[in-house]
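What follows is a single structure, written as structure tokens, with notes after it.
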There are 2 protein chains.
Amino acid sequence: MKLSEGVEAAIHSAIVLADLPDGATLPGSALAEYHGVSGSYLLKHLKGLVAAKILESVPGPAGGYRLARGVEKISLLDVVLAIEGPQPAFRCLEIRQKGPGALEPAAYNKPCGINAAMLRAERAYRAVLAETKLSDLIEGYVADADPRAVAFSCAFLERSQRMPR
Amino acid sequence: MKLSEGVEAAIHSAIVLADLPDGATLPGSALAEYHGVSGSYLLKHLKGLVAAKILESVPGPAGGYRLARGVEKISLLDVVLAIEGPQPAFRCLEIRQKGPGALEPAAYNKPCGINAAMLRAERAYRAVLAETKLSDLIEGYVADADPRAVAFSCAFLERSQRMPR
DNA sequence: GCAGGAATACTCGGATATCCAGTGTCCGAGTTTCTCCGG
DNA sequence: CCGGAGAAACTCGGACACTGGATATCCGAGTATTCCTGC
């Protein structure tokens, strides 16, 4: 039970991109510098976000990344699934069908109760993530963050953003 | 986001042990044989369950494992935490404090909103697991399982259980 | 026949190799931009 | 002065090493049993 640490970077990156003016982009290298992480590695995760239609990428000079849709239409679940993959955390290996007492596969048409319980828990987990939007996180950020941090963030964006024609 | 596959074996093992008569034990090797998994490796996880006070171990001949308390007092969460460890799946690395715009640590007294949201989701996850007891799983098992599987299970226990004096 | 003791066999527990997903990095493909040259 | 073609620079995208944790295994510590010997 352990999430990839790229999830955290991906969420932070998405929040930074949310502050861009409409249509502007930010290079992946700028995002990496802003967060103090390896640029080459951050691109790996941003790529996943692009594949999940959460971000859009613009190639060439004046290119970079931007959100593919509004902050209120992007949930934490979208980001987590884009990085971690859609498969559930608990994978039933059907060990009930192994061992000396195994029957023919047709005898196991009913789903495994353990698997069902674990998936039920994970549905609750995902439900909370799904109802938490990026807009909620941003709202909390501007309310709690140090004003200097906000000012730096704005200045950084002003300096690094690119506006393709 | 991936659970150890030992979790599944641990839950199945606990359910098997639940069918033992009061006070009887079952060797780890019997549990491994029943599930068709490596005995040496299963012991590693059973050890974790013992450390978490979910199982009791009895050494020597006629020894083995048994549940440390009633099936209605053991939740799925107990088992999962015993195997996976208590730390949450999402570990906030505080990357907001990294990078060129970092401030002194005292400026980050408010908790990170992202971390808070992820932990909120995980609390929902754990809440579902906590309210699912072993007794619930057993109830579903006897209702859905093939009668032959139940018969084999009973015969196996009858054959392998040990009764320390 | 009975009691005591030592050897035994079986159990769990911890320390030790092996493997794979996640981590980290690099180089190549593609596109826009800028510059330079010709008209 | 203007238009177009070419080179350049910057971007993202996919392919290639490295590392930590999970997986799998073995050998040692401990205890109840069992057998044997002496009384």
Q) Is there side-chain contact between A:L42 and A:S13, with heavy atoms separated by less than 4.5 Å? A) yes
Q. Closer to the 5' end of DNA chain C via nearest nucleotide, is it A:E5 or A:P59?
A. A:E5
Q. Quick one: are B:I11 and B:L137 in side-chain contact, heavy atoms under 4.5 Å?
A. yes
Q. Which sits closer to the 5' end of DNA chain D, B:G60 or B:G6, going by the nucleotide each is nearest to?
A. B:G6
Q: Please state how far atom CZ in A:R162 lies from atom P in C:dT33, giving the value in whole angstrom units.
A: 12 Å
**Q.** Listed nucleotide nearest any side-chain atom of B:S4, set D:dT23, C:dG13, C:dC10
**A.** D:dT23
**Q.** Along DNA chain C (nearest heavy atom to each residue), the more 5'-positioned of B:P27 and A:P61
**A.** B:P27
(Q) On DNA chain D, does the nearest nucleotide to B:L43 precede the nearest nucleotide to B:E84 from the 5' side, or the other way round? Give the residue. (A) B:E84
Q.
When the axes are fitted on five pairs at both termini, how much does the helix from C:dG1-D:dC39 to C:dG39-D:dC1 curve, in 10° steps?
A. 0°
Q.
Can you see if the side chain of B:Y41 gets near the phosphate of D:dT23 - specifically, an N or O under 4.0 Å from OP1 or OP2?
A. yes
Q.
Can you measure B:L46 atom CG to D:dA24 atom C1' for me and round it to whole angstrom units?
A. 15 Å
Q | Atom pair distance, as rounded to whole Å: NZ in B:K47 and C1' in D:dC26 | A | 13 Å
Q) Is A:R126 reaching over with its side chain to a backbone N or O of B:A121, donor-acceptor style, under 3.5 angstrom? A) no
Q. At under 4.0 Å between heavy atoms, what does A:S40 touch on the DNA or RNA strands: base, sugar-phosphate, or nothing?
A. base
Q. Within the structure shown, what part of the strands sits under 4.0 Å from A:K2 by heavy-atom distance: base, sugar-phosphate, or nothing?
A. nothing
(Q) Just the rounded figure in Å: distance from P of D:dG21 to CD of B:Q87. (A) 11 Å
**Q.** Distance test, side-chain N/O of B:S38 to OP1/OP2 of D:dT23, below 4.0 Å
**A.** no
Q: Examine distances only and state if a side-chain atom of A:D136 and a backbone atom of A:K133 form a donor-acceptor pair shorter than 3.5 Å.
A: yes
**Q.** Interatomic distance where NZ belongs to B:K44 and P belongs to C:dT16 [whole Å]
**A.** 12 Å
**Q.** From B:T25, B:I54, B:V16, B:L43, residue fulfilling side-chain contact (heavy atoms from CB on, under 4.5 Å) relative to B:Y65
**A.** B:L43
Q. Given atom NE2 of A:H45 and atom P of D:dG14, what is their separation to the nearest angstrom?
A. 15 Å
Q) A:L49 CG to D:dC12 P: how many Å, rounded? A) 13 Å
(Q) Treating A:Q97 as the side-chain partner and A:L103 as the backbone partner, does any N or O pair qualify as donor plus acceptor under 3.5 Å? (A) no
(Q) Donor-acceptor check, side chain of A:R96 to backbone of B:H12, threshold 3.5 angstrom: yes or no? (A) no
Q: Please report, rounded to the nearest Å, how far the C1' atom of C:dG13 is from the CG atom of B:L42.
A: 14 Å
